[in-house]
Structures are given as C-alpha cells and as structure tokens.
Novice: 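Just passing along the structure, written as structure tokens.
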Amino acid sequence: MGGEWGQSDICPESAQEWTIQVGQDHLDMDLGAITKYSALHAKPNGLILQYGTAGFRTKAEHLDHVMFRMGLLAVLRSKQTKSTIGVMVTASHNPEEDNGVKLVDPLGEMLAPSWEEHATCLANAEEQDMQRVLIDISEKEAVNLQQDAFVVIGRDTRPSSEKLSQSVIDGVTVLGGQFHDYGLLTTPQLHYMVYCRNTGGRYGKATVEGYYQKLSKAFVELTKQASCSGDEYRSLKVDCANGIGALKLREMEHYFSQGLSVQLFNDGSKGKLNHLCGADFVKSHQKPPQGMEIKSNERCCSFDGDADRIVYYYHDADGHFHLIDGDKIATLISSFLKELLVEIGESLNIGVVQTAYANGSSTRYLEEVMKVPVYCTKTGVKHLHHKAQEFDIGVYFEANGHGTALFSTAVEMKIKQSAEQLEDKKRKAAKMLENIIDLFNQAAGDAISDMLVIEAILALKGLTVQQWDALYTDLPNRQLKVQVADRRVISTTNAERQAVTPPGLQEAINDLVKKYKLSRAFVRPSGTEDVVRVYAEADSQESADHLAHEVSLAVFQLAGGIGERPQPGF
Ligand code: 16G
Ligand code: MG
C-alpha cells in the first residue's frame, strides 16, 4: 500500500472523542512500558497507511512504528483467539527498498476483515492516541488480557527485514506475549507453521524440517508411481526472483532430489530482489526473466519475492515465449483431481475459484470441456480462499500464479479410508490423492508446494510442458494502469467485473467492448498501488490493446485522470 501523508479518514474518531475508560482489565497492560517503547518506534507525524489486500506495504523506512504496533496487535489477536498468530515481514514482489507486514490468523488464513480495520487504526494513531486505540480494540473485541499470547514471526531476505522483524518482537514483548522467531521463511511457510501449531501437529510439524519432510515424502511417493523417466521430465529451471525462495529451495532440494532435479537462477547471489525477474515480472511483461538461459522446450518456472506465487513458461522451437499462468495451473490441477475421483468412484463436489483476471478461455475450458463449476471472486487471496472452503475440494488460483487446493476434513478422512480399504486401481488412485493432499499447502498459495504438485502431475500423466500448454489457447489480453486523483471514485460490483461509479463509466465500457470480438474489459482500483487497473481481452492482440487503451481513456475522462492522458502503444 503506497504511503500517503495527510489526514486520516479511516479512523474518524478524533482524540477528544475517546473517553478514557480504563477498566480493571487494562491494568494488565503495562501502559507505561508501551508508551516508553512506542517512543522508540515513533510514528512519523501525519503518515497514513492502510492495511490493504496483503497487509501494509510501503518504503521500508516508513514502517518501523507499523511493525512495533503489529507486534502489539498480534498479541491482542492471539489472546482473543486463544491461538498462535503469525506476523510475516515481507513486501512480496515489490522493489527491494519496500517492505511490508501481514498478520496470519489461526488456521493459517489472512487476518479477519474487522481486525484489518483495527490494524489500520492502530498504525495510523498519532503517538499520544496509540494507547487509547489499543484499549479500544481490546474492549471492542472483548480481549481477555489475562490470556496467554503466542506469536510466530518470519521474514524475507530484504535488507530491511531483520531490523523490522525486531520491531515486531519489541511490540510482542512489551504486551507480555511469547514468541518464536523463525527468521528467514517464505510467506507460505509461515502460514504453514501457524496452521500446524493451532491444529495440535495434525497438519504437520511446525518446523522447516517438518515442512520439507511432509512435502517431499508426498512428492517422492507420487513420482515413484510415474511410468516415464528420464531427465527431460524430471529437471526444471527455477527463477527465484533473487529472494527467499532460493534459500529455501536449496535447503529442501536434497529431500526430493530422487523425484526432481532443480536448477536455480536468480538465487540472490548477485542480482537485486524482484529486479527484471520473478513471477510478477514474467507475468506482467510476458517475457522470461533476466539471468536465465532457456533452450527450446525446456520447462521453466518463476517464484515471486516471497515465494507465494509461481508461473511456468517455455520457448518453443521457433523461439517464441509461452507463459503458463495461474489459470492453466488451476486447469491442470483440477482436471487431475477430477480424474482421480472418477477412478476412485467418488462423486465429491469440486469447484474452481478465479478472479475477473482469469483468461476467458480458461473459464470456458473448465466449464464446457471439464464440466467443473467455476466461481469468480474479488481480487486478493482471502476472497478466493474463503470461497474455495465451500467445496469438498476447492481449487483456487489467481492468474498471477497465487493459489492452492483445499480439501474438507470429511474428504481427507474418506480418501484415507479408501486408500486402506479399496483394491487395485482404485486403491492406487486413492493413495495418489492422499499424497496430493499432503503435497498442497492448504494454508496459503505456495510456490514450492505448487511446483512439486505440478511436477508430480506432469510426471504421472507423462505430459510435456507444450502438451500442458495446449489444453487451451489464451485469449490475447492487455493490462494497463491509469493515474487518477482519487481511485476511490471507482466502485465495483459482481466480483469487480462491473463499475458502479462513477456514473457513465460502465456504459462507456459496454459500448467499447461491443466493438470487438470475444471481448471483455473491466476496471478496478488497485489494492496495492495508487492507480486504477484496466484489463481487456479480445480475439487478437491488436484488438485487446485497442480496447484496453480506449477503456483507459474512458477512466481518465470519467474518473478524474491526472497527469498525461493515456497514450496508445505499449
Ligand atoms: C496482493 C494480493 C494478490 C493480488 C494483488 C492485487 C494477497 C496475499 N496478495 O498482492 O492476491 O492479486 O494484491 O494487487 O492477497 P492490486 O490490487 O494492486 O491489483
Ligand atoms: Mg508474494
């Protein structure tokens, strides 16, 4: 979330309106110590930040107070839920100078929305109001301050991350919380740790070792069943965005090497984090990362800076670049899961969850060819995750490569039973599904786990990357950004596919879309940058480019564009 300097309208109560109702309970907060330590992590006057789609994100030098305060908040959340809460210090695919923080809820999920609001209020309170906001949150949420609190902390490889995670620890400690600092972790590893700790170890062991062993065991079991062998199927080039993914994959590699050999690029030994590499760069520029040499038909993938996204790609024999994004990953996974269910003879309800960015071809393929129901939610992992929980098996992916599959407890039990009771082919399929369930990180989208799932499926089905890519052809598309004075003038409905305000904008988009074949377009205010995003797809790249440009102009005119008018050409 870009930092803005100015008056907050997020927490409208002014300092005077706070009635000081320090109840008996609050004597359990050492207010003197909080004030003293808070002054050591002082908030720059007037800095306003918002807990956005993926927590707070801005220049690292503006975040010290936010980290301290998120340490405090994590303790309150932990006391309220009587569970371990996670705090991850990362800014994912943002430039190296940025940083960010997000809280992880008890089952490894994103923080509940009402607490996102508390996070925003607490981060924006001026120094003198901070205590009162803290007390207000604990009153509103009926936090029993006598309850114990436990917080686990992880961080990515940014130069600023170590110091910032120390500020989180200061916040946790001053409120009397216990903590475990995992140090360097991928974001999904921290989600996994939180999930493990709050489910009494049933999900796995809450150590990196436990994570490596659980996933690798499942992967090796699966790939043992694959009939094809040879290097072609079992080696993969991985662009690690010069981030934490490189460290963790290197640590993990020997656990699964009998099933797959990985060659790491952009491993952080020289390049800058996320600079000209990583999943976000590859997806948005539709070209390979720097620092990786690709021979034709070699299978390659990219992680993002905190290893919670993955995209695949290859060069064909003519040297053309082909991107395999989250939509095609979801298609591969859901078709494989569906095949296994048919083989086992189970009719479970399986659903795929996408966002408005999903390529129209993928949705059509899933619905019409695979006959899998598809649902669309707003952008942001929490929305997809939430929807996917409604199914026996919910597969969710954003086109940008963030996603996973969720299995209900009932399904897990059923499959375990089937793997023991059924015979022959059915038993084999049930065993496979059992291992696939273990291989997914069900707490969050996870580049390492997804990579192993994909590699296992390709090996089991004997598919090459080109055959996978050929499932369907993506419709040409284009994404653009438009600068406006206040992006909040744009509000949307129908999972962001239609603009409600400003008046006339949706009508203008409808008229433009009508001019092109197989076309679709939508606009939405970004949750992470101060821009409006425009998406268009059509039957040709030229049409998609034109449509995106025309929609950008409509946004510029009707939604208060600033700076230079959008120009055609990319
Ligand atoms: C964040 C979200 C990601 C979403 C992106 C959209 C999480 C963990 N991450 O990175 O899911 O696709 O924001 O960004 O929720 P935008 O709002 O700027 O388009
Ligand atoms: Mg990320």
Side-chain angles (χ1 to χ4, degrees), residues 107-109 188 191-192 195 199 202-204 214-215 218-219 221-222 225 310 326-355 358 362-363 365-377 381-398 401-422 425-446 449-458 460-461 471:
L107 295 181
E109 296 158 287
H191 285 259
Y192 165 91
Y195 196 15
T199 46
R202 278 193 306 282
Y203 188 66
K214 180 180 176 189
L215 270 61
F219 178 72
E221 287 291 319
L222 279 164
Q225 317 262 328
I310 185 168
D327 302 336
K328 228 165 230 172
I329 295 175
T331 309
L332 180 78
I333 291 171
S334 46
S335 60
F336 185 70
L337 293 176
K338 208 177 159 189
E339 279 167 28
L340 286 182
L341 290 177
V342 170
E343 185 90 39
I344 303 168
E346 282 290 354
S347 61
L348 296 170
N349 116 40
I350 173 166
V352 176
V353 186
Q354 304 184 316
T355 70
S362 74
T363 316
Y365 181 85
L366 284 162
E367 285 178 333
E368 291 170 16
V369 181
M370 284 181 45
K371 311 272 184 239
V372 174
V374 179
Y375 300 83
C376 185
T377 69
V381 171
K382 61 181 174 224
H383 303 295
L384 290 109
H385 191 93
H386 192 70
K387 184 73 194 171
Q389 286 173 324
E390 290 177 14
F391 307 94
D392 293 334
I393 301 179
V395 179
Y396 73 82
F397 265 88
E398 289 191 302
H402 188 118
T404 187
L406 306 181
F407 302 83
S408 72
T409 321
V411 166
E412 288 199 31
M413 307 251 291
K414 210 175 210 169
I415 299 303
K416 266 206 173 76
Q417 269 178 10
S418 307
E420 279 161 23
Q421 291 165 1
L422 297 177
K425 274 174 88 179
K426 286 188 178 202
R427 181 195 181 98
K428 194 176 161 200
K431 275 255 170 240
M432 249 181 218
L433 189 51
E434 201 183 0
N435 281 317
I436 284 271
I437 294 174
D438 273 348
L439 191 47
F440 274 111
N441 183 343
Q442 294 192 53
D446 181 334
S449 142
D450 289 339
M451 175 191 88
L452 293 175
V453 168
I454 293 164
E455 290 300 315
I457 297 178
L458 293 179
L460 286 164
K461 289 178 68 101
L471 285 179

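Scope of the values below: all heavy atoms of this structure, side chains included, with no hydrogens, waters or symmetry mates. All residue numbers in this chain count up from 1 along the given sequence.
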Novice: Can you tell me if Arg427 uses its side chain to pair, donor with acceptor, with the backbone of Ser418 under 3.5 Å?
Specialist: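 No, the answer is negative, given that no donor and acceptor are paired below the 3.5 Å cut-off.
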Novice: Under 3.5 Å, side chain of Thr355 to main-chain N/O of Glu398, donor-acceptor pair present?
Specialist: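 Answer holds: no.
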Novice: Is the positively charged end of Lys328 above the ring of Tyr365, judged by distance under 6.0 angstrom from the centroid and angle within 45° of the axis?
Specialist: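 Checked: cation-pi criterion not met.
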Novice: Rounded to the nearest 0.5 Å, what separates atom CD1 in Ile454 from atom CD1 in Ile329?
Specialist: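 Output value for this atom pair is 4.0 Å.
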Novice: With a 4.5 Å heavy-atom cut-off, do Leu458 and Leu332 have their side chains touching?
Specialist: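 Leu458 vs Leu332: side chains touch.
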Novice: About how many Å separate CZ of Phe219 and CG of Leu452, when rounded to the nearest 0.5 Å?
Specialist: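 Output value for this atom pair is 5.0 Å.
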Novice: For the residue pair Tyr396 and His402, does the interplanar ring angle fall in the parallel (under 30°), tilted (30 to 60°) or perpendicular (over 60°) class?
Specialist: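 Taking His402 first and then Tyr396, their aromatic rings lie parallel (interplane angle under 30°).
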Novice: Could you tell me whether the side chain of Phe391 reaches within less than 4.5 Å of the side chain of Val353, counting heavy atoms only?
Specialist: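 Contact flag for Val353/Phe391 side chains = yes.
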Novice: How far does CE of Met432 sit from CG of Leu340, to the nearest 0.5 angstrom?
Specialist: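 Met432 CE to Leu340 CG: 6.5 Å, rounded to 0.5 Å.
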Novice: Any pair with a residue in residues 430-440 that passes salt bridge (Lys or Arg N to Asp or Glu O under 4.0 Å), sequence neighbours left out, goes on the list, sorted by first then second residue, please.
Specialist: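 Counting only pairs at least two positions apart or across chains, the salt bridge (Lys or Arg N to Asp or Glu O under 4.0 Å) contacts touching residues 430-440 are Lys431-Glu434.
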Novice: Heavy-atom distance under 4.5 Å between the side chains of Ile393 and Leu341, does that happen here?
Specialist: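 The answer is yes; the side chains approach within 4.5 Å.
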Novice: CZ/Phe397 to CD1/Ile310 distance, rounded to the nearest 0.5 angstrom?
Specialist: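 So the CZ of Phe397 and the CD1 of Ile310 are separated by 8.5 Å.
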Novice: Got Phe336 and Val453 here, is their nearest side-chain heavy-atom distance under 4.5 Å?
Specialist: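 No - every pair of side-chain heavy atoms lies 4.5 Å or more apart.
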Novice: Please test Asp446 against Thr404 for side chain to side chain contact (heavy atoms under 4.5 Å, CB included), starting from the C-alpha separation and ending with a verdict.
Specialist: CA-CA 7 Å; Asp446 181 334; Thr404 187; over 6 Å; no
Novice: Using every non-hydrogen atom in the two residues, find where Leu384 and Thr377 come nearest and quote the distance to one decimal.
Specialist: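 Shortest heavy-atom separation between Leu384 and Thr377 comes out as CG-OG1, 3.5 Å.
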Novice: By the side chain to side chain donor-acceptor pair (under 3.5 Å) test, which pairs, at least two apart or in different chains, include something from residues 330-353?
Specialist: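 Listed once each, the pairs are Glu339-Lys461.
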Novice: To the nearest 0.5 Å, how far apart are CG in Asn441 and CG in Leu215?
Specialist: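 CG of Leu215 is found 7.0 Å from CG of Asn441.
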Novice: Heavy atoms, side chains only, cut-off 4.5 Å: are Leu433 and Leu337 in contact?
Specialist: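 They are in side-chain contact.
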Novice: Under a 3.5 Å distance rule, please check whether Tyr203 uses its side chain to pair with a backbone N or O of Gln442 as donor and acceptor.
Specialist: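 Checking the backbone N and O of Gln442 against the side chain of Tyr203, a donor-acceptor pair under 3.5 Å is found.
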Novice: Mark yes or no for whether Ser362, through its side chain, and Asp327, through its backbone, hold a donor-acceptor pair below 3.5 Å.
Specialist: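 No, Ser362 side chain to Asp327 backbone: no donor-acceptor pair under 3.5 Å.
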Novice: Please round to the nearest 0.5 Å and tell me the distance separating atom OG of Ser408 and atom CE of Met413.
Specialist: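 Between Ser408 OG and Met413 CE, I get 10.0 Å after rounding to 0.5 Å.
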Novice: Do Phe440 and Asp450 have side chains that approach each other closer than 4.5 Å (heavy atoms only, starting at C-beta)?
Specialist: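 In contact.
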Novice: For residues Leu348 and Lys414, determine if any side-chain heavy atom of one lies less than 4.5 Å from a side-chain heavy atom of the other.
Specialist: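 The answer is yes, as the side chains (C-beta and beyond) meet within the 4.5 Å cut-off.
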Novice: Under a 4.5 Å cut-off applied to non-hydrogen side-chain atoms, are Val352 and Met370 in contact?
Specialist: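 No, too far: nothing below the 4.5 Å cut-off.
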